[in-house]
Every structure is written in structure tokens, then in C-alpha cells.
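Below: the structure, in C-alpha cells.
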Amino acid sequence: MPELPEVETVRRGLIPVLEGKILRETEVYRDGLRYPFPPLFRERLKGRKILNLTRRAKYLLLNLDEGYTLVIHLGMSGRIRIEDTVSFMLQKHDHVVFYSNENKVIAYNDARRFGLMDLVQTAHLTDHPLFRHLGPEPFDDNLTPTVFYELLKKRQHSIKIALLDQKLIVGVGNIYASEALWGSGIHPFRSSHSLTLKDAENLLDHIRKVLQRAIMAGGSTLKDHQQPDGKLGYFQHQFAVYGRHLADCTTEGCAGKIKKEIQAGRSTFYCDACQK
Ligand SMILES: [Zn+2]
């Protein structure tokens, strides 16, 4: 499933081909994805200029002229690829294809169709049901250690579960929650409200580091997207604990092994020896 760093990589990959460009034509090959497409979807996109591309949580936001934003969520298996109009070939599971005025094709491919596209009035975006309950972005300057500490204090769940709650903080995701907790030496089963201000500061710092590192890894793969397949957003990561069940912990001086347990239906990877 694409996590925040993948979505951010897709955004950065799309900027050069979409920002300031016109949507000349859009082809839609089914009625919808997770939800139906908005009424007159093709017609309303025709001729719109893309002012800029932003992101909120795991939603890509294509801010259009005339006051609308095209919201795209990749769901479980959504992929976006960029091709040239002359060589474009429709592939299986291509559900929406955008044609720019500069002879580029952006194809949205989604085998499982858990993705989403909607047109929302830009001025009312924050009040929209998709967005109004979302917590702060991990890189938001207003999310200070003290603010984060106060948010964590209100939660009775374990800290790992709290980090996955999009009302508390968006975009950390299952993989990066395990990684950030390991990096900060905090045990995933500890209750959220037991964290001290110093713990919260340490954890926030590691959340930012693991996400930043993944975004950088994604960014370094972007040049590969000039290749004909043009696929955006999936890249190889190096993880410290995620997927490393029974491997040696790499914390300096730690002789522990990585454990795997299921918390609220999701895998948690951690080291009992150095995470307290
Ligand atoms: Zn360890």
C-alpha cells in the first residue's frame, strides 16, 4: 500500500509534467473506483489549468483554475505512470487517463480499485468529509513536541496504535510507526499517555527522520521515471525493523533480536531489548 513517502514521490514526479499545464482531455474507463466519479467528471476537467500540486495526508491535490481541486487517493494498489502521447498504450486496469496540452499522458492504474478521485471546491477543502477530521501533517511546523505530547496524552491505546490514528497525526503508517518507535527506543506496547515530553520530542524527531529518508529514497528514484514505463511512487526501502523478524537488532550495543507481533490486526516489529 502506498504510504506518505510514496504519495509525496508521486507528487514530486508529477509536478514537472502537470504544474501550469492544461488538461486537454480525460478518458474514463469505468464509473468509479471505491466511489463513483463525480458527475460530468470528464467535461468538468476539460480545458482546466493545473495551478499546482499539493498533498494532504495520502491525498494528492491537483488545484485547478476556476476554484476546484482534483483529489486523488491511490488506495491499496493505485499507480500512476507518465507517457508520451505518441507512444501511449492503454494497459489493463488503466481506469482514468489524463492528456496534457504538452503531449504527456498520465495514466491511473488500479487493479484493486480502492483508490478515489473527486472534484472538490478548493475553498471548502478543509471542511470536506475526507479532510475535516485529519490530524496534523508530520512536517507541519505547528506540530511542536509540546503539541504532540498533549495529543499523545489523551490516548489510552498503545503508542503504536495511536500513531496509526489519522486524527492524531496523518501519514505515519504501519511501516514507519514501527521504524520510528525503534529509532526512538520506545516500546510499541507502551500506552500513549505514558510518554513524557522528552519521549514525544524524541519520537516526533524520528517520525520526521524516517519519513524524510524514505522521501529522499523515492526522490532519488525519480530520474528513473524518465524510462518508458514511467511508473511513479514505488521504490525499495531499507528498513531497520520492518519485515526483519528474528534478525539481529542494529542498535549499537544491543544484542536483541527483532520480534513481530500483531497489534489491532497490523504487524508490529520491535526489539524487546532496547525499546522501553
Ligand atoms: Zn535492540
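Just so you know, ligand 1 is whichever comes first in the structure, and atom 1 is the first atom listed for that ligand.
By the criterion of a separation under 2.8 Å, the protein N/O/S atoms near the Zn ion (ligand 1) amount to Cys249 SG, Cys254 SG, Cys271 SG, Cys274 SG.
Of the charged side-chain nitrogens involved, at least one lies within less than 4.0 Å of a carboxylate oxygen, so that Glu137 and Arg56 count as a salt-bridged pair. We find that Glu150 and Lys153 are joined by a salt bridge, their nearest charged nitrogen and carboxylate oxygen being less than 4.0 Å apart.
Residue Lys21 qualifies as enclosed at atom NZ: its count of foreign heavy atoms under 6.0 Å is above 12.
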Run Arg55 and Leu4 through side-chain contact (heavy atoms from CB on, under 4.5 Å) and show every step you take. CA-CA 9 Å; Arg55 179 187 56 72; Leu4 184 145; 3.2 Å; yes
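A distance of 7.5 Å separates NZ in Lys160 from OG in Ser267, rounded to the nearest 0.5 Å.
Counting only distance, with no hydrogens or angles, the side chain of Gln275 and the backbone of Gly185 share no donor-acceptor pair below 3.5 Å.
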